Number of protein chains: 2
Amino acid sequence: MSTRTGPKLAMLEQFAAVAKALANAHRLDLLELVAQGERGVEALASAAGLSVANTSQHLQVLRRVGLVVSRRNGPQILYRPSDDDVIALIGALRRTAERHVAEVDRLLRGWFHEKDALEALSRDDLVSRMKDGLITVLDVRPPEEYAAGHIAGSVNIPLRDLRQRLDELPPGTEVVAYCRGPYCVLAYEAVATLRDRGLEARRLEDGFPEWRAAGLPVDAVVN
Amino acid sequence: MSTRTGPKLAMLEQFAAVAKALANAHRLDLLELVAQGERGVEALASAAGLSVANTSQHLQVLRRVGLVVSRRNGPQILYRPSDDDVIALIGALRRTAERHVAEVDRLLRGWFHEKDALEALSRDDLVSRMKDGLITVLDVRPPEEYAAGHIAGSVNIPLRDLRQRLDELPPGTEVVAYCRGPYCVLAYEAVATLRDRGLEARRLEDGFPEWRAAGLPVDAVVN
DNA sequence: CGTCTATTCAAGTCATCTATTGAATGATTG
DNA sequence: CAATCATTCAATAGATGACTTGAATAGACG
């Protein structure tokens with residue numbers, strides 16, 4: 001592109017291009033949003049708090065390096081992550097940041113207070129508990145996201161409705177709540193609410209995108 | 001930092017900061033160089049083909065987000081990756097780029113011609129073969145890098161000296177050559193040279209940083 | 001076939017990044 | 001304690017990125 005560069009640098013420039021696409025908080029946000037299930041530009045724009053034009057441009061940056069793909073469905077264009085590598089990459093980025101950036105640590109502490117104490121259940125643990133059938137898996141995301149895809153066998157009660165709909169949960173079983181990913185507060189809040197009401201509740205360590213990326217069973221609500 | 005942002009965006013901004021540090025070909029180059037073993041700024045500058053001041057600034061960008069750490073040793077300041085997460089992150093970046101960016105594919109093809117045909121040995125395979133003791137592990141990197149750290153039990157013959165020093169290789173054993181990483185050409189060249197001379201030779205699929213990051217046995221030449 | 005809608009493009013502005021230069025720092029060595 | 005060396009800082013010019021605005025596209029649907 002610029003001056004004379006060897007083949008090695010040319011390759012590294014391609015890697016750098018992918019990193020550059022990840023190097024913006026709004027794009028990471030969009031990436032996590034599309035990882036919940038494919039969505040149109042306008043929905044993404046309002047979820048991310050951006051203008052439509054700006055969202056479109058960010059999405060194109062992501063598409064240019066192959067992090068997302070798009071398809072037309074009727075009037076709108078739906079975006080989704082190109083594959084599970086992408087989720088793994090974001091996970092690696094998150095892990096490194098968590099480990100090394102002091103600021104992340106501070107934010108986590110302030111954000112989650114000591115909610116970390118609510119022990120999280122790993123994916124593997126959840127899988128084996130589900131086999132026993134003694135737990136209820138609770139998806140606390142909004143209905144649209146649940147419809148786009150959720151853990152097979154989970155029930156959907158959005159966090160905001162949880163208090164009123166407690167009776168929909170089978171009594172006497174432990175509840176495992178999950179939402180969008182490792183930093184999604186919804187699941188924390190849900191567990192806090194449920195314990196408040198005397199239910200046995202824990203949260204899943206990570207969220208739906210990781211579950212799907214791991215190849216575990218997923219359901220969607222067909223329209 | 002800029003306008004009012006919620007805690008979620010603040011967190012994503014930290015992730016983005018790490019990605020931003022990776023979003024430059026020279027910094028990725030430096031990162032791979034320090035992954036070979038810790039080195040001073042001047043050595044890194046000349047290896048990367050950059051000015052010393054510029055190299056220093058790039059290294060500080062990497063240090064600011066915790067991707068590398070530095071320590072003073074006599075007159076110079078030595079840099080190294082902060083830990084194995086960093087190498088995993090670069091690997092994830094590389095895998096995503098390989099998979100999605102058509103340009104990388106093109107470069108790989110042009111660079112390695114059909115050398116890919118020289119089947120590579122995975123780390124696990126190498127470990128089990130080493131137990132049998134029937135192979136010679138050959139490190140073809142420059143002596144400084146070998147001294148800074150190498151696969152335990154490997155012998156060091158830099159590629160440029162290989163032709164003259166063939167007799168140092170135990171006869172009758174298969175040779176497995178490795179160098180800096182998945183894209184390091186040295187190992188490819190070495191295998192080609194060795195096969196030319198009628199020896200049985202293969203290359204290790206990845207390089208020394210990956211080996212060390214996997215927690216496999218490493219030796220260094222003490223000074 | 002024209003209208004509508006979702007999305008994209010183009011242009012402009014302000015901010016941030018890169019690489020260069022030359023000077024400043026600060027630990028080590030005599 | 002002064003000289004030396006490796007490294008870092010400061011200031012700059014040119015390039016690239018982010019977001020806004022308003023116009024253009026291109027399917028979908030009557």
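None of these values were measured; they are calculated from a predicted model. Chain letters run A, B, ... following the sequence lines, proteins first, then strands; residues in each count from 1.
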Measuring from the side chain of [X] (C-beta onward, heavy atoms only), which nucleotide among [options] has the closest atom?
| X | options | result |
| --- | --- | --- |
| A:Q60 | C:dC9, C:dG22, C:dA6 | C:dC9 |
| B:Q76 | C:dC9, D:dT8, D:dT7 | D:dT7 |
| A:S56 | C:dT20, C:dT28, C:dT7 | C:dT7 |
| A:H58 | C:dT8, D:dA28, D:dA18 | D:dA18 |
| B:I77 | C:dA6, D:dT8, D:dT20 | D:dT8 |

More 5' along DNA chain D: A:L50 or A:N73, using each one's nearest nucleotide?
->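 The answer here is A:L50.
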
So does A:Y79 get a side-chain nitrogen or oxygen closer than 4.0 Å to the phosphate oxygens (OP1/OP2) of C:dA6?
->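 No.
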
Are side-chain N/O atoms of B:E189 and B:T193 paired as donor and acceptor at under 3.5 Å?
->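 No donor-acceptor contact under 3.5 Å links the two side chains.
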
Using the six-membered ring of A:F208, assess whether NZ or CZ of A:R141 lies under 6.0 Å from its centre and within 45 degrees of the ring axis.
->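 Yes, A:R141 and A:F208 form such a contact.
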
Work out how much the helix from C:dC1-D:dG30 to C:dG30-D:dC1 bends between its end axes, five pairs an end, to the nearest 10 degrees.
->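 Overall, the helix from C:dC1-D:dG30 to C:dG30-D:dC1 bends by 30° from one end axis to the other.
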
For atom CZ of B:R165, is the number of surrounding heavy atoms from other residues, nucleotides or ligands below 6.0 Å larger than 12?
->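 Buried by this count: over 12 neighbours within 6.0 Å.
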
So which of B:R99, B:R95, B:H100 actually passes side chain to side chain donor-acceptor pair (under 3.5 Å) with A:D85?
->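 Exactly one pass, corresponding to B:R99.
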
Charged N to carboxylate O below 4.0 Å: is that the case for A:R39 and A:E144?
->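 Salt bridge: no.
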
A:R63 CZ to C:dT8 C1': how many Å, rounded?
->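 From A:R63 CZ to C:dT8 C1': 9 Å.
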
A:R72 side, atom CZ; A:L78 side, atom CG - distance, nearest 0.5 Å |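 Atom-to-atom, A:R72:CZ and A:L78:CG are 10.0 Å apart.
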
Check the pair A:S82 / A:V68 against side chain to side chain contact (heavy atoms under 4.5 Å, CB included), numbers first and verdict last.
-> CA-CA 5 Å; A:S82 53; A:V68 304; 6.0 Å; no

What are the residues of residues 19-49 of chain A, sorted by number, that bring a heavy atom to within less than 4.0 Å of DNA chain C?
->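 Only A:G40, A:V41, A:E42 qualify.
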
